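For reference, the structure discussed in these notes is given below.
The model shown is predicted, which means the values in this text are computed figures rather than measured ones.
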Amino acid sequence: MAQPRARIGSRRNGRIGSRKNARRIPKGVIHVQASFNNTIVTVTDIRGRVVSWSSAGTCGFRGTRRGTPFAAQTAAGNAIRTVVDQGMQRAEVMIKGPGLGRDAALRAIRRSGILLSFVRDITPMPHNGCRPPKKRRV
């Protein structure tokens, strides 16, 4: 008979929650995705593993208020607060999307005290790819 393997993260082998605070991250990448309806801020290490994330929706904003600059500022502050506690000092910022929260999130990142090596706009731009949807008639 095959022997049952111990599950990673089960209560028996005592690894629950032990690894999350153990990592010290001196340098990372902050990804800001600002759409018209929401702003998502993700903080990763250099290799791309997610360390912390937040969005305007998880900060308690609902409906049209999620797309506001204040909601983006709050989301960026929440995501960065946890990584500053883990020792992050330097970061690169990648901003994607056309939303209102782009500048507000960047302002909140600058205010947090992390040194920014560069800020890059990685919004995908079509080189006349797909046909856009027809215009709204209101």
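Atom-to-atom distance recorded for Met125:CE and Thr123:OG1 is 7.5 Å, nearest 0.5 angstrom.
Note on Val41 and Val50: separate hydrophobic clusters, where clusters join Ile, Leu, Val, Met, Phe, Trp and Tyr whose side-chain heavy atoms are under 4.5 Å apart, directly or indirectly. A single hydrophobic cluster is not seen to contain both Val43 and Ile40; linkage of ILVMFWY side chains at heavy-atom distances under 4.5 Å, directly or through other members, places them apart.
Thr39 places no side-chain N or O within donor-acceptor distance of the main-chain N or O of Ala56, the cut-off being under 3.5 Å.
Contact check for Gln33 versus Thr42: no side-chain heavy atoms found under the 4.5 Å cut-off. Considering only heavy atoms from C-beta on, Pro26 stays 4.5 Å or farther from Met88 through its side chain. Residues Met94 and Val32 fail the side-chain proximity criterion, which asks for heavy atoms closer than 4.5 Å.
Residues passing the side-chain contact (heavy atoms from CB on, under 4.5 Å) test with Thr58, sequence neighbours excluded: Trp53, Ser54, Ser55. Partners of Arg47 according to the side-chain contact (heavy atoms from CB on, under 4.5 Å) rule, which considers only residues two or more places apart in sequence or in another chain, are Asp45, Arg49. When the side chain to side chain donor-acceptor pair (under 3.5 Å) test is applied to Glu92, the partners found at least two apart in sequence or on another chain are Lys27. Every residue two or more places apart in sequence or in another chain was checked for a ring pair (Phe, Tyr, Trp, His ring centres under 6.0 Å) with Phe36, and none qualifies. Among residues two or more places apart in sequence or in another chain, the side-chain contact (heavy atoms from CB on, under 4.5 Å) test is passed with Val119 by Val93, Ile95, Leu106, Arg110, Leu116. Residues forming a salt bridge (charged side-chain N to carboxylate O under 4.0 Å, His left out) with Asp121 (at least two apart in sequence, or on another chain): Arg102. Ser112 pairs by the side-chain contact (heavy atoms from CB on, under 4.5 Å) definition with Ile80, Ile114, not counting sequence neighbours.
Ala104 and Pro69 get closest at one heavy-atom pair: CB-O, 3.2 Å.
Applying the salt bridge (Lys or Arg N to Asp or Glu O under 4.0 Å) rule to pairs touching residues 52-80 yields nothing, sequence neighbours excluded. Pairs passing the salt bridge (Lys or Arg N to Asp or Glu O under 4.0 Å) check and including a residue from residues 123-138, sequence neighbours excluded, do not occur. For residues 72-84, the side chain to side chain donor-acceptor pair (under 3.5 Å) pairs, not counting sequence neighbours, are Ser52-Thr82, Asn78-Arg81.
Hydrophobic cluster membership of Leu115, counting Ile, Leu, Val, Met, Phe, Trp and Tyr whose side-chain heavy atoms lie under 4.5 Å apart directly or via other members: none, as it forms a cluster of its own. Using a 4.5 Å cut-off between side-chain heavy atoms of Ile, Leu, Val, Met, Phe, Trp and Tyr, Val138 forms no hydrophobic cluster with any other residue.
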message = Walk me through whether Gln86 and Val51 qualify under side-chain contact (heavy atoms from CB on, under 4.5 Å).
response = CA-CA 10 Å; Gln86 291 181 12; Val51 180; 3.4 Å; yes
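Each of Val83, Ile30, Val29 was scored for a side chain to side chain contact (heavy atoms under 4.5 Å, CB included) with Thr44, with one residue passing: Val29.
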